[in-house]
Amino acid sequence: MSNTKHLFNLKFAAKDLQRNSKKCDKEEKVEKAKVKKAIQKGNMEVARIHAENAIRQKNQSVNFLRMSARISALMDKFEHQFETLDVQTAQMEDTMSSTTTLTTPQNQVESLLHEMADEAGLDLNMELPQGQTGSVGTSVASAEQDELSQRLAKLRDQM
């Protein structure tokens, strides 16, 4: 389900709970009126039943309002999380679009390897194996990158 669908459902549920609370308030007033009539007629047993019903309706009304407030708080939290997610997604998309995939220059890699070997006090030629698999993988990646760069240049020329 989409974010807007979830928010719609939460808002609908909160409104429904508020409607139920108002309905209980009305029922409470009706029951209080019945209590008054029963007392006027001297029928205390019936008055007691209506009084219990009035109190039950009042409690139910309060509970509906509580649940509505919880759903409203949940809805606010939900909206905030999706706003945060939208911002994060936009930042990620901007970052990804602004960075171009370029191969790492091999001379810089070699230079860094020598520098780190010197700091570690190692002789690079003796301690580090001549990575044939690395250079084959790099040459394949370079070939693929060259092809992609050429395709990108052709697309730019067409625009």
Side-chain angles (χ1 to χ4, degrees), residues 1-106 108-109 112-113 115-116 119-120 131 133-134 137-159:
M1 261 207 288
S2 68
N3 302 342
T4 53
K5 185 75 172 168
H6 285 296
L7 285 174
F8 174 79
N9 287 340
L10 285 172
K11 287 179 184 178
F12 183 79
K15 293 256 189 225
D16 195 42
L17 289 167
Q18 289 171 354
R19 269 193 300 275
N20 285 337
S21 174
K22 287 179 184 176
K23 186 177 174 184
C24 288
D25 287 339
K26 287 179 186 176
E27 288 295 319
E28 177 194 7
K29 288 177 186 173
V30 169
E31 290 295 328
K32 282 182 177 179
K34 289 179 181 179
V35 169
K36 196 180 287 185
K37 283 182 184 178
I39 290 174
Q40 288 171 347
K41 291 180 180 180
N43 195 343
M44 294 307 291
E45 199 59 36
V46 172
R48 179 175 301 280
I49 291 170
H50 288 298
E52 288 172 0
N53 288 344
I55 290 171
R56 191 176 306 113
Q57 291 293 338
K58 181 175 181 62
N59 290 339
Q60 206 167 355
S61 172
V62 170
N63 286 336
F64 279 131
L65 282 178
R66 257 191 213 123
M67 286 189 288
S68 174
R70 285 183 188 151
I71 283 180
S72 294
L74 177 66
M75 189 169 38
D76 291 343
K77 186 176 180 181
F78 191 76
E79 279 180 313
H80 177 72
Q81 285 177 342
F82 277 103
E83 287 170 3
T84 302
L85 182 64
D86 287 343
V87 168
Q88 289 173 343
T89 302
Q91 282 181 324
M92 189 174 75
E93 287 172 354
D94 287 346
T95 302
M96 291 176 72
S97 67
S98 67
T99 57
T100 55
T101 54
L102 299 174
T103 58
T104 307
Q106 289 304 303
Q108 290 180 4
V109 172
L112 182 62
L113 286 173
E115 183 182 321
M116 293 297 107
E119 285 182 17
T133 57
T138 304
S139 64
V140 170
S142 295
E144 288 176 2
Q145 188 60 40
D146 289 342
E147 180 186 339
L148 287 174
S149 296
Q150 289 170 0
R151 289 172 57 194
L152 181 61
K154 285 179 188 175
L155 285 173
R156 284 184 180 150
D157 291 339
Q158 290 174 358
M159 293 181 146

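Heads up: numbering here begins at 1 and tracks the sequence.
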Can Asp16 and Arg19 be counted as an ion pair, charged N to O under 4.0 angstrom?
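Counted as a salt bridge, because a side-chain N and a carboxylate O are separated by less than 4.0 Å.
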Salt bridge or not for Lys32 and Glu28, using N-O below 4.0 Å?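 Looking at Glu28 together with Lys32, the answer is yes, because their closest N to O distance falls below 4.0 Å.
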Gap separating the [atom1] atom of [X] from the [atom2] atom of [Y], nearest 0.5 angstrom:
X	Y	atom1	atom2	value
Leu17	Arg66	CG	CZ	13.0 Å
Asp25	Leu65	CG	CG	7.0 Å
Leu10	Lys77	CG	NZ	12.5 Å
Leu7	Asp76	CG	CG	9.5 Å
Ser21	Gln57	OG	CD	10.5 Å
Asn63	Asn20	CG	CG	12.0 Å

Of all heavy-atom pairs linking Val35 and Ala51, the shortest is CG2-N, 3.2 Å
On a heavy-atom basis, the closest approach of Ala14 and Ser72 is CB-OG, 4.1 Å
For this session: Take Leu112 and Gln108 through the side chain to side chain contact (heavy atoms under 4.5 Å, CB included) test and state the conclusion after the steps.
Result: CA-CA 6 Å; Leu112 182 62; Gln108 290 180 4; over 6 Å; no
Fill in: Donor-acceptor pair between Asn59 and Arg56 side chains, under 3.5 angstrom
no
Across all chains, not counting sequence neighbours, the side chain to side chain contact (heavy atoms under 4.5 Å, CB included) partners of Lys11 are Met75, Glu79
Check whether any side-chain heavy atom of [X] sits under 4.5 Å from a side-chain heavy atom of [Y], and report yes or no.
X	Y	answer
Lys34	Val30	yes
Gln81	Leu85	no
Phe12	Lys15	no
Lys58	Ile55	no

key: Over 12 foreign heavy atoms within 6.0 Å of CE, Met44   = no
